[in-house]
Amino acid sequence: MLKPTPMKHIRLLVLTDDLPRASLALAETQCFHPDRREPESERFATLPGRPFHEIHTQAQSRLDKIARLIPFEPPASLEPARVIDQAELARLNDWLGQLWDETSSYEEDFRQLDDQAHLIHEQQAALENFSHLNIDLGMLRAKTRFLHIHVGLVPRENLRQLEGAVALAGYILHVYLERGDNTHVVIVGPADAKDAGLASVLAAAGFQAIPIPEGLDREPTELQRDFETRLAAIAEERAQLTETLQRWSECYHEPLREAQRTLRLADPLVSLDESLRSRGYLTHLAGWVPAHTVAALRERLDAALAGTYDLSIRDPLPEERPLVPTVPVKSRLLAPFALLVNQYGIPSYGEVDPTPLFALTFLFMFGSMFGDVGQGAVIALAAWTLRGKLGRFWPFGLMAGGSSVLFGFLYGSLFGYEHVLPALWMNPLSDPLLMLRLALIWGVFFIVVACLLAIYNRWAVGQWREALFGHHGVVNLVFYLALIAGGLGLSAGTGEGFGTSGGFGTVPALLVAGSLAALAWHSWLHQQAPVGEKILVVVIETLETLIGYVSNTLSFLRVAAFSLNHVALSIAVFTLADMMGAFGHVVTVVLGNVFVLVLEGGIVMIQVMRLQYYEGFSRYFSGDGHAFRPIRFGRGPA
């Protein structure tokens with residue numbers, strides 16, 4: 001499952017008149033990913049599918065606009081599949097245009113009703129600012145010879161300062177509404193007062209004027225009743241218009257459903273538009289297909305075109321690897337893990353697909369860090385119960401919960417109770433040092449596997465120099481294994497260990513020094529800089545290699561740390577519960593388990609993803625590819 005699906009490049013030459021039948025055959029096989037590149041032969045310059053594409057686009061646009069007013073059930077099936085030629089598509093487009101001309105009058109009526117309702121809602125929003133005044137708003141908007149009136153809002157913390165300032169200017173301030181951090185006020189004063197001085201005071205206090213719109217010159221409660229009456233009338237008119245439209249459109253439901261079916265059957269040729277090039281009566285088409293589907297594709301083309309075509313097949317060229325699509329994982333169980341992998345990137349063609357390995361290592365680490373039979377069962381049950389809402393992601397929750405249950409039996413933990421179930425292995429807190437050692441061993445294994453995958457990926461695409469000297473290549477792996485061996489105190493051929501002789505070991509030391517020297521030499525040869533700068537870069541990269549592998553290995557201590565933390569949290573919950581009465585004990589245990597499930601479960605998930613992405617994918621997975629998207633009915637490329 002780790003090996004990528006082999007792909008073939010095909011070139012198809014067909015008669016231009018046979019294009020609809022050829023596209024139908026390609027869509028039925030669901031194995032053809034178009035190659036958008038220009039053909040090597042300059043003789044193929046015409047775009048034969050462009051008129052078909054333009055008619056289809058216009059027809060689909062008209063159908064979408066009609067469907068907004070005349071809802072109809074989509075076609076249940078596209079069977080039997082048939083060829084849609086340009087003449088039929090043009091007739092359908094003309095009919096949809098005529099139907100839209102009739103339907104658009106209803107849309108215009110609905111739009112006018114929407115505009116009327118929108119205007120009333122805007123007036124209601126404006127009225128809300130003044131509803132607490134309970135006076136004729138025309139008095140506030142009208143300019144008089146003797147009074148100046150300012151209506152607006154001011155930050156609440158500036159209100160007292162503003163009251164004193166306007167009083168000195170000979171004005172009266174009235175608060176009519178307080179909402180949030182703002183206070184709505186009316187400021188009234190004589191027209192002969194110094195209004196210019198007041199303007200600066202208002203600006204300093206953060207005063208914002210609220211304009212009184214036209215039409216709001218009556219008492220607010222009266223206006224509100226009028227608005228509600230007008231909105232009710234608009235709603236009634238809308239209901240009547242909707243009923244009229246439904247009666248008128250009943251006879252069009254089936255023709256519209258058939259129109260949508262026709263457009264979906266025409267989609268394959270439309271999706272091929274950019275890939276098609278023609279010369280007179282001959283059309284060129286190229287693309288990528290999985291190697292195992294070539295025979296079925298040829299058989300389908302024979303049936304559709306009666307042998308009047310030319311099909312050439314070849315392997316991808318080395319320089320074409322970035323263009324070759326990658327076939328995604330088809331397994332239902334692996335689909336949610338593939339979604340997580342795709343968040344990092346799509347595997348490039350030739351790379352190992354990390355999804356199966358990602359799934360196994362993810363479940364192992366999650367279960368070991370969050371091992372509890374009861375809490376794991378809750379996760380699995382929740383995933384099963386919510387499978388309708390979780391869609392393709394529900395198997396992920398089911399398997400993560402199952403892993404937690406499995407390790408819960410190994411640890412003997414049930415909803416935090418450590419003495420209800422007999423541990424099939426041991427409780428993590430019974431030997432923390434052993435858990436830490438096992439976590440380091442797991443980390444070494446994980447990093448070694450990641451380096452081996454990185455070496456394979458580079459070697460498979462012909463990057464042998466990168467496979468040897470690149471990041472996490474052969475030389476890096478030799479350095480890491482020698483560093484681990486030396487750290488364990490092993491010496492070549494004697495078996496003297498760190499615990500007995502206290503030595504790093506001669507052979508490990510030589511391998512570490514030699515591999516670092518090789519990496520430094522390789523870096524030196526590829527530096528284009530002054531000597532001093534080259535020395536600095538080589539030293540930094542060498543230190544980064546040494547420190548990076550050590551810190552990356554130590555990162556896996558979190559696997560043990562969270563398994564210990566899980567038990568410690570449960571002990572804390574039960575310690576708190578024992579301080580309560582019988583009822584309080586039950587409530588505390590239940591709430592404590594909910595807390596552990598939500599908080600620690602989420603943190604463990606994040607930590608596992610971090611180890612996968614940073615310690616795993618960053619070593620061997622480029623994520624620079626693009627997914628295999630064959631043309632299909634109804635939606636073009638999948």
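For the numbers below, each heavy atom of this structure counts, side chains included, while hydrogens, waters and symmetry mates do not.
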**Study point:** Any donor-acceptor pair under 3.5 Å from His56 side chain to Leu263 backbone
**Key:** yes

N/O donor-acceptor pairs under 3.5 Å from side chains in residues 565-576, not counting sequence neighbours:
| unit_1 | atom_1 | unit_2 | atom_2 | d |
| --- | --- | --- | --- | --- |
| His566 | ND1 | Glu600 | OE1 | 2.8 |
| His566 | ND1 | Glu600 | OE2 | 3.4 |
| His566 | NE2 | Gln375 | OE1 | 3.1 |
| Ser570 | OG | His566 | O | 3.1 |
| Thr575 | OG1 | Ile571 | O | 2.7 |

Exercise for review: Output, in order, the C-alpha distance, side-chain angles, deciding distance and verdict of side-chain contact (heavy atoms from CB on, under 4.5 Å) for Met365 and Gln607.
Suggested key: CA-CA 9 Å; Met365 286 192 285; Gln607 294 300 324; over 6 Å; no

Point to revise | side-chain contact (heavy atoms from CB on, under 4.5 Å) evaluation trace for Leu19 with Leu285 | key: CA-CA 10 Å; Leu19 268 180; Leu285 175 62; 5.5 Å; no

Point to revise | Inter-residue atom distance Asn457.CG - Leu452.CG, 0.5 Å rounding | key: 11.0 Å

Study note, to complete from the structure: Looking only at heavy atoms, the pair that brings Phe628 and Cys31 closest together is CZ-O, 3.3 Å

Check your understanding: Can you check whether Tyr456 and Tyr620 have ring centres sitting under 6.0 Å from each other?
Key -> no

Practice item. Answer yes or no: are there more than 12 heavy-atom neighbours, outside Glu319 itself, under 6.0 Å from its atom CD? Key: yes

Review point. Which value, rounded to the nearest 0.5 Å, describes the distance between Asn552 atom CG and Tyr480 atom OH?
Key: 8.0 Å

Review point. Can you tell me how far the CG atom of Asp267 sits from the CZ atom of Arg632, to the nearest 0.5 Å?
Key: 13.0 Å

Review point. How long is the gap from CG on Asp64 to CZ on Arg68, to the nearest 0.5 Å?
Key: 7.5 Å

Practice item. Can you establish whether the number of heavy atoms outside Arg37 located under 6.0 Å from its atom CZ is more than 12? Key: yes

Review point. Would you call the rings of His9 and Trp288 parallel, tilted or perpendicular, where under 30° means parallel and over 60° means perpendicular?
Key: perpendicular

Practice item. State which residues pass ring pair (Phe, Tyr, Trp, His ring centres under 6.0 Å) with Phe364; sequence neighbours excluded, sorted by chain then number. Key: Phe407, Trp442

Review point. Quick one: side-chain contact (heavy atoms from CB on, under 4.5 Å) partners of Ile379, sequence neighbours excluded?
Key: Phe366, Phe370, Leu597

**Study point:** Donor-acceptor under 3.5 Å (Arg277 side chain, Glu274 main chain)
**Key:** yes

Point to revise | Pair Asp372, Ser413: side-chain N/O donor-acceptor within cut-off below 3.5 Å | key: yes

Check your understanding: Would you call the rings of Tyr344 and Phe621 parallel, tilted or perpendicular, where under 30° means parallel and over 60° means perpendicular?
Key -> parallel

Check your understanding: Are more than 12 heavy atoms from other residues, nucleotides or ligands located less than 6.0 Å from atom CD of Gln30?
Key -> yes

Study note, to complete from the structure: From the list Trp384, Phe358, Phe362, ring pair (Phe, Tyr, Trp, His ring centres under 6.0 Å) with Phe396 holds only for Phe362

Revision key, fill the gap. d(Glu541 CD, Leu516 CG) to nearest 0.5 Å is 12.0 Å

